[in-house]
Each structure stands twice: as C-alpha cells, then as structure tokens.
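Step one of this worksheet: look at the structure below.
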2 protein chains.
Amino acid sequence: MNLNEMIKCARGEKQADLLLTNASIINVFSGEIIPGSIAVANGYIAGFGSYPAKKVVDMKGRFVAPGFIDAHVHIESSMSCPTEFARCVLPHGTTTVAADPHEIANVLGAEGIGYMIDSSKDQPVNIYFTLPSCVPATDMETSGAKLGADDLLPFMNNSRIIALAEMMNFPGVIYRDNEVLRKIEGMKKQRKPVDGHAPGLTGRDLHAYISAGISSDHECTTEKEAKEKLNAGMHIMIREGTGAKNLKNLLPIINRQTARRLMWCTDDRHPHDIIKEGHIDFIVRSAIRMGLDPLTAIQMATINTAEYFGLNNVGAIGPGRQADLVVFSDIKNPVIEEVYFRGNLAAREGKILPEIKKPAPLNIRPSMNVNIDKIDFSIPAVSKQARVIEIIPHQLITGQSLIKVAVSGNLAVSDIKRDILKIAVVERHKGTGNTAVGFVRGFDLKPLASSVAHDSHNIIIVGTNDEDMKTALEAVFKMGGGLAAACNEEIRAELPLPIAGLMSLQPVKTIKEKLDNLIDISREFGSSLNDPFMTLSFLALPVIPELKITDKGLVDVAKFKIVPLFEK
Amino acid sequence: MNLNEMIKCARGEKQADLLLTNASIINVFSGEIIPGSIAVANGYIAGFGSYPAKKVVDMKGRFVAPGFIDAHVHIESSMSCPTEFARCVLPHGTTTVAADPHEIANVLGAEGIGYMIDSSKDQPVNIYFTLPSCVPATDMETSGAKLGADDLLPFMNNSRIIALAEMMNFPGVIYRDNEVLRKIEGMKKQRKPVDGHAPGLTGRDLHAYISAGISSDHECTTEKEAKEKLNAGMHIMIREGTGAKNLKNLLPIINRQTARRLMWCTDDRHPHDIIKEGHIDFIVRSAIRMGLDPLTAIQMATINTAEYFGLNNVGAIGPGRQADLVVFSDIKNPVIEEVYFRGNLAAREGKILPEIKKPAPLNIRPSMNVNIDKIDFSIPAVSKQARVIEIIPHQLITGQSLIKVAVSGNLAVSDIKRDILKIAVVERHKGTGNTAVGFVRGFDLKPLASSVAHDSHNIIIVGTNDEDMKTALEAVFKMGGGLAAACNEEIRAELPLPIAGLMSLQPVKTIKEKLDNLIDISREFGSSLNDPFMTLSFLALPVIPELKITDKGLVDVAKFKIVPLFEK
C-alpha cells in the first residue's frame with residue numbers, strides 16, 4: 001500500500017475495512033495481553049482502539065496474536081510447490097516464512113531460485129527467501145548447478161531475499177575460501193544477515209566463523225552448544241522438524257535475557273508431520289507444554305524473527321504492519337482457530353477458506369536428463385571384499401563394513417538373505433551417464449527409486465535385482481522426477497514430483513496419501529524402516545558420515561574422498 | 001579490517017595483539033557476567049578464552065563491558081567540534097554515537113553535514129550520523145539552508161549515515177507532505193530506521209505517525225506517553241540531557257519484557273554537565289542508583305542501540321566486533337576507569353591518553369554574512385502597547401504580555417527598572433539584512449549576543465541599549481560566530497564558535513571555562529538566570545510556545561504565524 005493511504009487510514013480519515021473488537025491482543029512489544037480493538041485497512045493494521053469501520057467482528061475475548069514466522073524452512077521438504085505449501089501451513093497460523101530454496105537450486109540453479117521467487121508471489125503467506133550459499137555442497141557429486149558469488153550477487157538486493165542462507169561450508173569460511181567470503185561480504189553490504197549452519201563448531205573455530213559475520217545457527221543439538229554460540233553473539237533458531245528435533249534439548253537456554261535472540265524454525269518438515277501435528281504452532285504449543293511462558297513462545301514465533309531479518313512489516317500487531325493475525329482461545333494451548341492474512345479471514349479451524357484463490361502455476365523446464373537405455377547396474381566382481389553402507393535406523397549417519405558379497409558368474413549381486421542390496425545413484429542433470437553402484441545393508445526390501453536425494457538430487461535406487469531397479473528408475477524418469485516402488489518389473493506405487501524432481505503441484509494432503517501408499521508398499525516389500533524413502537534420500541549426502549554414495553562413486557566421508565567399491 | 005585477516009586472528013592462526021585476562025566480562029547477549037579472557041587483534045575482538053597474544057593485561061577481576069552508545073546526540077550542543085567532543089566523551093566510556101547534525105545543517109546545509117562526516121573520521125569514538133530530516137524547522141525564519149528530499153537522498157546510502165534523524169515535522173507526516181514522505185521512503189529503502197520526535201503525540205495521530213515507518217521516539221516525558229508509544233511499536237530512547245531530563249519519569253516503563261526496545265540518549269548535553277557528571281555513563285549510574293538492574297542498564301547503553309541501528313560491529317563483546325571496551329570495578333556504580341577503543345587503551349581515570357592523536361582540523365567556509373553597519377536596533381514607537389516575551393525560568397516555553405513600553409522621543413526603548421529589555425534577531429546566513437527587534441522580560445541584565453539560536457542559528461541579542469547591543473553583535477560577527485557579553489561599548493567576555501557559529505576547535509574544558517566566565521559576567525550584569533545564553537538560544541525557536549522572535553519578526557507559536565510587535 002502506498003504510504004499516503006496508510007497514514008490516512010491510521011488517522012481514521014477513511015473508514016477501516018475491519019474492526020476486531022473485544023480481542024485479547026498479544027502485544028509482543030511489551031509482552032502483555034491487552035484487551036482492545038484492532039483496526040485493519042487495506043490489509044494493514046491501522047491502529048488500536050475505536051475506529052470507524054465497514055465491518056466489525058467481535059472476537060469475544062479470544063486471543064489475537066501476530067501470525068507466526070518460520071525462521072528457516074526448505075519448502076521442498078514438504079514435497080509441495082510454494083502454492084500448496086502456503087495453503088497447508090496457513091491454517092496452522094504460519095503467515096511468513098524465510099524459505100531456503102537450497103534443494104531446487106542444486107537442481108536448477110539460479111533458474112530454480114527464480115522459479116521459487118516468482119511462483120510464491122500472491123500467496124496467502126509472505127514467502128521470503130534466503131539465498132542458497134552452498135550449491136553444490138561438495139565436488140564429489142554432480143549437481144544440476146554451481147552457484148558462485150557472481151551468480152548470487154544479482155539476487156542480493158532483491159527485496160524478497162532477506163539473508164544469505166545457511167553457510168554449511170564452514171571449512172570454506174574458517175579457511176577463507178575467496179568465493180565464500182565474497183558471498184558473505186556481498187550480503188553484508190546489503191545490510192542483510194548471513195545465516196549459519198555449523199553443527200558442533202566450538203572454540204576458536206566458532207569464533208572465526210562468527211567473526212566472518214555469520215549471525216545465526218539452527219543446528220544446535222545441546223544446551224551447551226547453543227549457549228556457547230549465543231554467548232558469542234549468534235541468534236539461535238531452535239528447530240523442530242521431521243528429522244531433527246531440538247526443542248526439548250534446547251529449552252533450558254530460554255530465559256528472560258536470552259529469549260530475544262531466539263526463534264523457532266522447522267528446517268525440514270515432511271507432509272505427515274505438518275498435517276498431523278502442525279507447523280510453527282506445534283512448536284509453540286510443545287514449548288508451552290514443556291513449561292515455557294506463552295508470551296515468550298509467541299515472541300519467538302513473531303517479533304524476534306522479524307527483527308532478526310529486519311522485516312518491519314510483520315511479526316507484531318502495530319500500526320503500519322501487515323494484518324497477519326492468528327486467533328485462539330487457550331493461551332496455554334494455542335490451537336489456531338482463525339487466521340487473517342493481510343486483513344482477510346483466510347483460514348478457519350484448520351482449513352483454508354475456499355475464497356482464497358490459487359495463483360496459476362508457472363512453468364519450469366524438465367530436470368530429467370538420463371539416457372535410460374544406457375544405464376547398467378551390473379557390478380563386475382573385481383574382488384569379493386566390498387564396502388557396504390550400513391543403515392542405522394533413525395539416524396542420518398551410516399556405518400560401513402567390508403563384506404564378502406555374493407557373486408553370480410563374474411558379477412557381484414544382491415544377497416537377499418543377508419539383506420545386502422544393491423544401491424545405485426544415476427546422474428540426472430547433465431546426461432553424463434554417471435552411474436555408481438554399491439551395496440547397502442538395512443533396507444530389507446524390494447526396489448525403490450527416488451529423485452529426492454540430498455543435496456544434488458540425482459536419482460537413487462535400492463533393490464534386489466537390476467531389472468526391478470531399472471523399472472523403478474524408468475518410472476521416476478517418466479514422471480519427470482518422483483518416488484517409485486517396483487516389483488517383478490511392475491510399478492506398484494509412485495509419487496510424481498515433476499517440479500525439479502522435488503515438488504508436486506498437488507495439495508500436501510494428496511502427497512501425504514501417496515507417500516503413505518508408498519510406505520505401505522515398502523512394508524509389504526519387507527522393510528521395517530520408518531520411512532525408507534527418507535532414509536534413501538540421505539544416502540547420497542556426502543557430508544554425513546560414514547559411507548555414502550553419489551553418482552561419482554562411494555564416498556568415505558571421514559576421508560572426504562571417493563573410495564573404490566572393492567578392497568583387495 | 002579485511003575479512004580474511006579477521007578470521008585468521010579469530011582462529012588464533014596469528015598472535016593476538018592483546019589478551020585481557022581475569023576479566024568479569026559483561027555478556028550483553030546472555031545478560032550474564034562471565035569470568036574469562038578477551039583476545040583482541042587489529043582492533044577487533046578475536047574471541048574469548050586462551051589465545052596466543054603479544055601482550056597480556058590482567059584485569060584483576062574488574063568488569064569489562066562493551067563501550068557505551070549514545071542513541072541520539074547533537075554534537076553541536078557541546079559547542080565543540082567532533083574532535084573535541086570525542087576526546088571529551090571517550091573517557092566517560094562513550095565509544096559510539098548516533099549524532100544528528102541538525103544545527104550545522106540549518107546553517108550550512110549539505111556542506112555542513114559533509115563537514116561533520118569528514119571531520120569525525122579517525123576519532124577515538126565511532127561517530128555515526130542520522131540525517132537531518134527537518135531543515136529548516138519552519139518557514140517563519142531565515143535559515144542557512146533548506147534540505148529537500150533530493151538534497152538528502154545522496155546521503156542515504158552512506159555507510160556512516162545510519163538513520164533518518166528525528167522527524168520533528170509530525171504534521172508533515174500525518175498530513176502527508178510529499179517531501180516528508182519521500183525522505184522517509186528513501187531511508188526505509190536503505191533498510192535504515194527513521195527516528196521520531198513527537199512530544200505528546202497520542203491516539204490515532206500517533207498511529208498515523210508510526211504507520212509511516214517511524215520507529216523511535218526520544219521525546220517522551222511521562223510513563224503513560226512512553227508506554228503508549230512502545231506498545232504501538234516504537235523503540236524508546238530515554239533521554240537525560242541538560243535541558244530535558246526524562247530518566248526518573250520513564251524508569252517505571254523498564255521491565256524484563258520492554259527493556260530490549262529501550263536505549264539511552266543525551267540529545268543535548270552542555271559542556272558543564274559532560275565535564276561535571278559524565279555522559280551515557282552518568283545515565284547508567286543514575287538508573288542503577290534508582291534501582292535498575294545493572295545488566296539491563298548496560299544493555300540499554302550497548303546492544304539495544306546497536307541492534308536498533310543495525311550496527312553489528314559494536315555494542316557487544318563478541319568475535320568480529322570492534323574492541324571498544326570500558327573497564328570498571330563496581331557493578332552498582334560503574335565509574336569508568338579505563339576505555340579501550342579499537343583495541344587500544346585510549347583513556348584512563350577520566351583522561352584521554354596523550355598518545356591518542358588529534359586528526360588535523362578541516363576547513364569550513366565562514367558562516368557570517370551580515371552587513372553590520374546597516375543593522376539598526378531602533379524601534380519606532382508605533383503604539384505604546386507592545387508584545388513582550390516573558391521568560392519562565394528553567395523552561396523552554398515563554399509567556400507573552402501586552403505592556404506599555406517606555407518611549408524616548410519617537411522610539412520605543414528598554415526599561416531597565418521594569419526589566420523590559422530589547423531583544424533582536426539578525427539574519428546572518430544570506431545577508432538579507434533581516435533584523436527583528438522586540439522586547440523581553442526576565443533577563444535583567446546588560447547586552448549579550450549569541451549565534452547559537454535554535455534552529456536557524458541567526459544572531460540573537462538581548463540588551464539595555466542599542467550601542468551595547470551593537471558592540472555584542474559586532475563581537476559575535478568578528479569571531480565568525482560565538483557568544484559575547486558587552487557593557488559600555490566594551491566586550492567583557494566572549495566565546496568564539498567559528499565553526500558555523502556553533503562550535504569551537506578548543507577542548508570542551510576550555511569552552512566550559514569561557515562559558516563559566518560569560519555566566520559570571522552575566523551575574524555581574526544583574527541576571528539571576530541559571531544560564532542566560534541557553535535561555536537566549538531557545539528564544540528564536542518558533543515551535544515552542546508561546547511568543548518567540550525570529551529574523552522575520554515575533555512569532556505567536558499557537559497561531560503559528562508572525563504577529564506585529566505593537567497592538568493598537
């Protein structure tokens with residue numbers, strides 16, 4: 001809205017559009033609950049108190065708080081496009097997110113970032129972005145793009161880009177890689193923060209990382225770690241996602257002095273959890289249940305995050321800010337009853353209102369570049385001693401073993417009895433034909449394939465025999481990306497993710513149902529893993545110990561290098 | 001320092017320059033006092049804990065806090081140039097200021113702002129600026145410059161300009177003056193805050209003012225006013241200056257929830273008070289004495305202000321921040337014993353160290369443009385009933401009376417017995433010859449003249465007879481600006497302020513002595529006013545009720561217009 005109009009409405013020279021009366025207003029500036037009215041005009045808060053208004057809604061004493069903010073989220077983890085993500089989190093009270101399009105950037109580079117920015121306009125959630133700082137994560141894999149400082153600089157003054165995203169490359173920082181420093185300096189020049197990502201970093205290395213200008217971290221897992229980072233000047237994003245759940249461990253660091261530098265984030269939250277538990281609202285409720293003062297929990301979901309990112313338009317109920325509001329009845333268990341977005345009632349009792357229109361989907365180029373016919377999963381048996389990736393249930397880290405694998409003819413093959421399956425990664429960005437094949441223990445099932453494979457998102461396939469693996473691969477290819485389960489050369493279940501092989505245009509609920517079906521099939525296939533697709537998606541991430549596989553081969557993460565499959 | 005070097009030092013790859021051991025570190029992030037060591041390299045904090053260092057200094061358990069920040073100050077009010085101001089406040093622990101060059105801007109416009117920026121480089125205090133938003137304050141006076149949005153825009157992205165300065169023109173905001181809105185929008189585009197100045201503004205007008213994007217106020221005088229502004233989203237600067245003292249009244253608003261949005265400022269603090277009482281340190285001590293938690297008082301002098309202005313380089317002891325530190329022994333009465341600026345010991349026991357060099361003074365064009373010979377203080381007696389400005393001791397507001405003035409021949413003249421003196425304002429910027437003459441009651445003394453006369457800083461003269469007034473005027477003119485006292489056509493005391501007629505290159509101590517002498521003479525002249533020059537300096541400010549005088553004539557402030565001297 002233009003300033004002239006804003007001021008006119010705040011003065012009450014024009015009728016407000018809406019007056020919410022009899023509200024218990026959560027004032028995050030003063031930390032008080034103040035009974036009163038809120039006037040809304042043109043989607044913004046005009047003021048408190050009595051205003052002439054076209055429409056008056058009695059809040060009947062219910063609590064009205066600012067809409068919640070997710071300080072760090074990968075929309076891709078919901079497997080839905082920005083439109084469907086917004087429609088899914090809005091009823092939970094999330095009205096603003098700082099989204100890091102790290103996954104799509106690894107597939108489609110600057111084009112992917114541009115797609116996310118464009119396709120998240122005019123949504124019923126304010127979708128801001130942090131700019132992916134580490135694409136690709138390593139050079140031991142083939143990603144769809146490489147984003148250097150020169151590629152990122154043109155994005156930095158974009159008003160929807162609010163920070164440099166998680167700087168995972170902490171060796172690049174502390175050993176002063178020129179490209180890394182240029183990215184940091186570029187964003188600091190824009191007076192925007194640089195988000196960190198430095199699990200376990202401590203002492204002088206932590207000081208060095210912070211001295212470079214990195215001002216937050218969302219990877220703390222212990223009170224001690226979080227406290228050290230906070231004391232050295234970092235803002236701490238407390239994460240409660242699907243994979244990583246840090247709320248319980250970090251709760252003790254929250255007190256009257258530290259709270260202002262703390263905020264909530266989900267990072268990666270899968271469709272099941274959003275639908276079943278909620279989003280930032282779930283974290284707020286959980287924290288209160290664990291004993292946190294409700295006002296503090298709400299400040300960590302609102303004003304703290306807005307201040308950290310310099311977003312003066314959101315995060316509070318005050319004149320000139322967007323009228324993004326959540327309504328609930330119980331301060332000790334804030335279940336979101338209504339959500340206003342830019343002054344319009346947009347969701348009620350967990351459902352987005354039908355009048356909230358979907359913007360038309362945008363086109364994006366296909367991301368599958370594989371010559372299926374040439375892919376060969378056979379493994380010549382160079383020796384019998386092969387490196388095997390050992391799955392550790394409920395963890396992202398893996399073990400590794402040297403095992404005598406089964407041989408048939410002159411080929412090494414899966415050994416179903418011992419649960420040693422083949423695993424393959426097929427490069428899918430540049431048509432290089434790169435295919436690495438190895439062995440994994442712990443899946444205990446029939447072929448599955450996925451184009452969601454952090455961070456380069458090549459196609460990863462696990463299975464008992466080459467034919468079924470090929471069938472699953474082909475299914476993923478044909479969908480333009482997605483997840484598939486195959487058996488006896490037949491597709492048993494699939495989830496198409498045609499946007500960069502990562503996201504669907506379907507509602508999150510539909511995605512969840514298809515995922516449920518895939519997991520049911522995987523149970524039928526014999527797996528006892530919680531979510532074998534999630535396990536699979538982290539097996540190509542060569543920064544998490546101990547043995548991983550990329551399109552370039554097996555990676556010994558401790559040695560940070562490619563190692564041969566066979567040991568003599 | 002370049003980032004590469006910074007990171008290297010923080011990692012301890014290079015020896016630190018200095019290690020302060022055995023310190024009780026005031027950690028403003030966590031609100032704790034943490035015993036430990038602080039490593040300093042190249043003027044920046046490298047880290048905490050053990051570091052190899054060239055020099056080790058044992059703090060013997062004393063407290064080490066971040067250097068203090070003044071959130072809003074007019075350096076001109078110290079009557080000293082930036083160099084001497086810095087040398088005066090540094091020993092009190094002020095290491096950063098947000099200076100508003102409003103006074104010099106009214107005299108020399110953009111050139112004056114440029115002079116302040118340039119002449120405050122390389123000082124032992126970080127001198128940042130807020131950009132004067134209201135030059136001139138009104139059009140009922142002749143100022144040296146007029147600064148429109150187009151004049152200000154080129155300054156806005158300057159890294160030493162950190163905000164738009166106090167937006168005094170609140171009618172301009174709420175009635176949406178285009179130039180005013182352009183100034184605000186320009187600064188917001190730079191992601192920098194817009195400081196407010198809105199004494200007594202309340203309700204919808206306050207909401208309108210805030211909705212325009214104005215994010216602070218330093219003019220609150222009551223708890224109620226401050227609370228209303230804070231609740232509506234403003235950051236509150238609590239002011240304790242020479243004229244305005246708000247600490248005691250505003251102390252009740254400070255609590256665990258509100259403190260983070262509060263900070264200290266001096267606004268206008270005269271040489272006497274800085275030398276006798278101190279600067280921000282004085283406010284911190286006073287607040288603690290009145291019962292405020294010391295950590296909170298220090299946060300309000302450090303991190304809160306740094307965060308408000310987005311200054312991540314100061315305001316805390318943490319890796320990558322400037323090593324601006326204050327040292328004291330008593331947490332309940334922090335008398336500053338030592339001050340480090342950029343890692344160097346710069347002041348000890350109230351005195352700047354001799355090795356802290358003064359940068360060479362810069363030239364600035366003279367600001368006195370008056371044809372003295374043509375100035376005429378005679379008042380043709382149009383009628384006997386004249387408007388008289390009534391001084392109210394200890395207040396900036398004046399009264400007004402209609403009084404039969406003394407007449408000699410056909411001229412109205414001073415009437416010493418009734419203490420009705422002549423007061424004149426002589427335009428000194430453009431050589432217009434504009435001279436307004438009127439009457440004032442309450443001075444009770446012989447002629448004084450001053451080129452410090454808010455906000456346009458024309459020459460203001462009060463006196464018993466035209467000859468002595470002329471002598472005083474001439475003295476001010478010859479000094480290129482300043483204060484003077486004359487009697488029997490002889491100069492009895494003077495203080496040259498050659499920089500824009502506002503500031504001296506002399507040390508603040510010398511200025512204070514000369515001011516003392518001027519005040520002693522004014523006592524001898526018969527005045528019982530505390531500081532008649534200060535009283536004089538506000539008589540030309542046509543925004544403070546009730547009757548004021550500018551070079552254009554008498555101003556009835558309530559009517560906001562020029563009124564005639566005589567009433568028939």
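Numbered from 1 within each chain, the chains take letters A, B, ... in sequence-line order.
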Determine which pairs satisfy ring-ring contact (aromatic ring centres under 6.0 Å, His included) with at least one residue from residues 171-194 of chain B, sequence neighbours left out, and list them in order.
none

Picking from A:Glu32, A:His235, A:Arg321, which has the most non-hydrogen pairs under 4.5 angstrom with chain B?
A:Glu32

Could you name the residues of residues 222-230 of chain A that have a heavy atom within less than 4.5 Å of a heavy atom in chain B?
A:Lys227, A:Leu230

With a 4.5 angstrom heavy-atom cut-off, could you sort out which part of A:Ile34 is near chain B: side chain, backbone, both or neither?
side chain

With chain B, the option among A:Asn27, A:Leu181, A:Asn231 that has the most non-hydrogen atom pairs under 4.5 Å is A:Asn231

Would A:Glu5 and B:Arg176 pass as an ion pair if we require N to O under 4.0 Å?
no

Contact list for residues 41-53 of chain A, test side chain to side chain donor-acceptor pair (under 3.5 Å), sequence neighbours left out:
A:Tyr51-B:His207

Given A:Ser159, A:Gly320, A:Gly31, A:Pro193, the one with more heavy-atom pairs under 4.5 angstrom with chain B than any other is A:Gly31

Tell me, out of B:Ile253, B:Ile174, B:Ile210, B:Leu206, who's got the most heavy-atom pairs with chain A below 4.5 Å.
B:Ile174

Sort by residue number and list every residue of residues 303-316 of chain B having at least one heavy atom under 4.5 Å from chain A.
B:Ile303, B:Asn304, B:Glu307, B:Phe309, B:Gly310

What part of A:Gln190 gets closer than 4.5 Å to chain B, counting heavy atoms only: side chain, backbone, both or neither?
backbone

Interchain contact, B:Ala46 with chain A, by part (heavy-atom threshold 4.5 Å)
backbone

Do B:Glu13 and A:Arg204 have side chains that approach each other closer than 4.5 Å (heavy atoms only, starting at C-beta)?
no

Check each atom of A:Arg260 against the heavy atoms of chain B and say whether the ones under 4.5 Å are side chain, backbone, both or neither.
both

Leading residue by heavy atom contact count with chain B [cutoff under 4.5 Å; candidates A:Met6, A:Lys188, A:Met234, A:Lys8]
A:Lys8

Smallest heavy-atom separation, A:Ala10 atom then B:Ala208 atom, equals CB-CA, 3.4 Å

Heavy atoms only: give me the nearest B:Thr258-A:Ser30 pair and the separation to one decimal.
CG2-CA, 4.2 Å

Check: B:Gln257 and A:Gln299 side chains under 4.5 Å, non-hydrogen atoms:
yes

